[in-house]
Amino acid sequence: MKKLSHLKRMVLSALVIAALVYLYSVSYRVTNMDFVRLVKDAYKAREFVSAFLHPDLFTRDTETVTITTTFPIPCDSAPISEPVESGPRLVTSVPCAGEKERFILEGFDMAPSTEIAVRWHFPDGRVFTILRTTTDADGHFSAEVEARAIAASAGGVASAIEVDTYIPISGLKPSQAMKDVTREIFVTIFMALFSTTIATIIAAPLSFLAASNITKRGPLGTSVYYITRSFFNIMRSYDPLVMATVFAFWLGYGPFAGTMALTVVTVASLGKLFSEAVESIDPGPIEALQASGANRMQVVRFAVIPQIVPDFVSFIVYHWDINVRISTIIGFVGGGGIGYYLSEKINSMVGYNQAATAIWAIVIVVWVLDFLSAEVRKKLT
Amino acid sequence: MLRIQNLTKVYPNGTQALKDVSFEVKDGEFLVVIGLSGSGKSTLLRCINRLIDPTEGKITWDDIDITAAPPAELRRIRRQIGMVFQQFNLVKRSSVMTNVMNGRLGYANPWLSLLGIWPPTDKQRAVKALERVGIADKASSRADALSGGQQQRVGIARALMQEPRLVLADEPVASLDPVLSHSILHYLEQLNKEGMTVICSLHFLDLVHRYATRVIALKDGIKVFEGLPAEIDRAKFKEIYGEEAQEVRATTVEASA
């Protein structure tokens with residue numbers, strides 16, 4: 001008898017293990033796990049990571065100085081340029097070249113440590129950017145350039161190589177991205193503040209109805225209790241992203257939709273937290289005030305509220321903090337604020353440095369709010 | 001005169017806390033209720049002001065049927081019955097003053113009281129109540145900043161605000177050390193001498209002998225004794241508290257002496 005149950009247990013655990021192995025193998029397949037690729041393709045993230053390390057924060061007003069030299073392709077198609085001996089000048093390793101040949105382009109006596117853009121200026125007037133780089137401390141740069149077929153001379157006129165030097169003429173000042181991000185991060189903070197405030201106004205009274213120790217008395221009270229509680233639970237089952245999508249359809253993209261979505265989600269969440277705070281209060285003072293002949297409202301005002309205010313304030317501050325975080329996410333689906341800015345910059349493929357500015361701003365604001373809300377909550381307990 | 005007739009309480013979970021308890025309390029008595037923990041003392045006291053609704057039985061107070069009172073009348077009855085609790089039941093985060101004023105809620109204008117607006121006479125009354133229990137200087141302290149004995153004195157001051165004719169004290173000194181026990185019971189004794197009826201549950205035999213004018217004892221929800229404190233001798237005590245409680249009794253009596 002005992003042996004049989006032992007055998008049974010072994011079979012049972014074998015079955016459980018087999019089921020787990022099956023579940024994990026299925027999940028491994030459906031999630032397309034490929035750890036080799038995780039390492040191998042790491043270079044693809046380089047562009048974004050480097051952008052992340054170089055957020056677009058400051059800019060300078062610049063004056064563009066252009067120097068130029070003509071470069072016939074192939075040789076004899078046009079006269080070569082006269083060599084310049086002094087001042088900012090471009091020097092090529094060969095005066096002319098055949099198609100697809102490579103040569104070295106150097107610049108001398110240019111502005112030191114300055115951003116430059118090197119480009120072809122074709123005979124027909126079109127331009128083609130070759131590269132962007134920075135001059136060294138001596139105002140020198142060098143680059144290898146290919147004599148492309150597209151840059152061939154036409155009608156006896158050679159293409160020119162032009163170098164724009166962006167010489168700063170002002171001090172550092174916030175870049176456009178920095179200004180936009182600052183504005184949008186404040187939009188986000190205010191979205192979170194406003195939604196948390198509205199949600200508090202709605203959730204605070206409702207939470208009393210969903211607290212068993214206050215409401216669950218008699219058939220009417222009990223049904224009110226269950227209705228409010230179910231309302232909170234149903235609301236809570238909707239993710240903020242889903243809510244934001246719904247409101248973005250309803251109200252159009254922007255902070256209004258985002259704020260409404262956050263409000264709905266926060267009402268449910270705060271309602272639940274508040275009602276639990278109300279349920280966990282010391283019943284002693286309630287009993288004492290009832291015994292002294294106080295009515296229901298007076299009991300709530302003098303025995304319940306003094307006990308819950310610290311918890312409520314702590315939950316409100318915490319939710320503001322959470323809502324700043326959520327609102328960056330729901331911005332991606334049309335909720336406005338910094339999230340929307342971030343999604344725009346990421347999707348545009350050229351705004352990675354601006355996206356980085358936004359990400360840094362989010363990181364800093366979330367960190368600061370996290371710290372502040374922790375401090376406030378510490379003070380209250 | 002408070003008359004308790006055939007009082008029975010069965011909790012929803014089936015626990016029978018009181019079985020057919022009847023007794024009378026004349027005005028001006030200091031009635032002490034004794035019995036083991038769980039013998040029904042707290043339930044009995046709470047049935048009198050209907051913090052707990054009795055299952056059966058009737059409680060009348062000067063021809064008012066407390067058990068049949070509708071909510072509004074019940075509040076008018078309750079405000080004449082002060083209550084003091086073992087755990088003091090103060091709002092810990094509120095000031096001592098606010099806690100004392102809470103005792104006046106049953107008399108206050110419901111709407112003005114919600115806004116925290118009190119008649120000046122009530123404020124004076126609160127100061128007097130605090131002076132009476134000797135902690136007027138603590139009025140603005142937070143209730144939980146006070147010691148246990150001080151908190152219970154706030155509890156008594158709160159009950160005084162009701163100008164009660166009857167005080168229910170549910171093990172008022174069980175959370176306090178013996179020296180404080182006497183000081184707290186001394187306040188109740190003074191009130192009793194001024195004409196307030198006191199019904200008080202107690203654990204320690206020497207306190208019973210010292211303060212009670214009459215005693216009833218409960219065991220498993222049944223009244224097993226009613227009489228004068230002097231009538232409770234060793235044998236009676238053994239009967240009330242059971243054989244195994246002998247040791248406990250000896251130590252508690254020593255500890256509180």
Side-chain angles (χ1 to χ4, degrees), chain A residues 201 204-205 208-209 211-226 274 276-317 376-381, chain B residues 42 45-46 48-53 71-95 98-116 142-144 151 154-155 158-164 166-168 170:
Chain A
I201 293 167
F208 284 86
L209 300 180
S212 56
N213 54 344
I214 302 289
T215 307
K216 213 170 161 186
R217 289 202 196 114
L220 178 69
T222 307
S223 45
V224 167
Y225 165 78
Y226 280 112
F274 283 176
E276 274 161 13
V278 173
E279 280 176 351
S280 69
I281 59 172
D282 175 9
I286 297 176
E287 187 182 39
L289 265 59
Q290 279 173 345
S292 75
N295 67 27
R296 187 85 67 97
M297 293 289 285
Q298 289 170 325
V299 169
V300 169
R301 165 72 179 77
F302 289 100
V304 180
I305 288 179
Q307 295 194 60
I308 57 171
V309 161
D311 277 350
F312 272 35
V313 172
S314 145
F315 288 138
I316 292 165
V317 173
V376 169
R377 281 179 284 141
K378 218 190 296 171
K379 284 264 157 58
L380 288 169
T381 46
Chain B
S42 289
L45 291 178
R46 282 169 172 72
I48 293 173
N49 62 3
R50 272 186 53 202
L51 284 178
I52 293 172
D53 274 318
E73 199 197 336
L74 178 62
R75 284 203 296 276
R76 276 196 298 278
I77 296 168
R78 278 175 174 173
R79 72 184 187 185
Q80 300 173 63
I81 305 177
M83 192 159 189
V84 179
F85 302 84
Q86 178 182 351
Q87 297 299 337
F88 324 133
N89 289 1
L90 303 180
V91 183
K92 295 189 179 63
R93 288 178 169 277
S94 295
S95 70
T98 308
N99 270 290
V100 174
M101 294 305 290
N102 283 347
R104 199 66 191 166
L105 285 170
Y107 291 90
N109 177 314
W111 298 108
L112 288 180
S113 74
L114 289 181
L115 298 172
R142 246 173 72 151
D144 57 3
Q151 290 194 34
V154 177
R158 178 174 64 189
L160 283 176
M161 290 299 282
Q162 296 174 234
E163 302 178 296
L166 170 65
V167 173
L168 306 171
D170 182 19

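Scope of the values below: all heavy atoms of this structure, side chains included, with no hydrogens, waters or symmetry mates. By convention in this document, chain letters (A, B, ...) are assigned in the order of the sequence lines, proteins followed by strands, and residues within each chain are numbered from 1.
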Query raised in the report: For A:Phe274, what residues pass the ring pair (Phe, Tyr, Trp, His ring centres under 6.0 Å) criterion, not counting sequence neighbours?
Result: A:Phe312

Query - For chain B, which residues of residues 277-286 of chain A have heavy atoms nearer than 4.5 angstrom - result: A:Asp282, A:Gly284, A:Pro285

Query - Partner set under side chain to side chain donor-acceptor pair (under 3.5 Å) for B:Ser42, not counting sequence neighbours - result: B:Asp170

Query raised in the report: Of all of A:Val299, A:Val309, A:Leu289, A:Val300, which one pairs up most often with chain B through heavy atoms under 4.5 Å apart?
Result: A:Leu289

[X], part contacting chain A, at a heavy-atom distance under 4.5 Å:
{"X": "B:Gln87", "result": "neither"}
{"X": "B:Leu90", "result": "backbone"}
{"X": "B:Asn49", "result": "side chain"}
{"X": "B:Arg46", "result": "side chain"}

How close do [X] and [Y] get, counting heavy atoms only, and between which atoms?
{"X": "B:Asn89", "Y": "A:Ala288", "value": "O-CB, 3.7 Å"}
{"X": "A:Gln290", "Y": "B:Arg78", "value": "O-CD, 3.1 Å"}
{"X": "A:Phe302", "Y": "B:Thr98", "value": "CD2-CG2, 4.5 Å"}
{"X": "A:Pro306", "Y": "B:Arg93", "value": "O-CD, 3.5 Å"}

**Report entry** Sub-4.5 Å side-chain heavy-atom contact between B:Arg158 and A:Ser292
**Finding:**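 B:Arg158 does not reach A:Ser292 side chain to side chain.
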
Query raised in the report: Which residue pairs satisfy the side chain to side chain donor-acceptor pair (under 3.5 Å) criterion with at least one member in residues 295-305 of chain A, sequence neighbours excluded?
Result: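 Counting only pairs at least two positions apart or across chains, the side chain to side chain donor-acceptor pair (under 3.5 Å) contacts touching residues 295-305 of chain A are A:Gln298-B:Ser113.
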
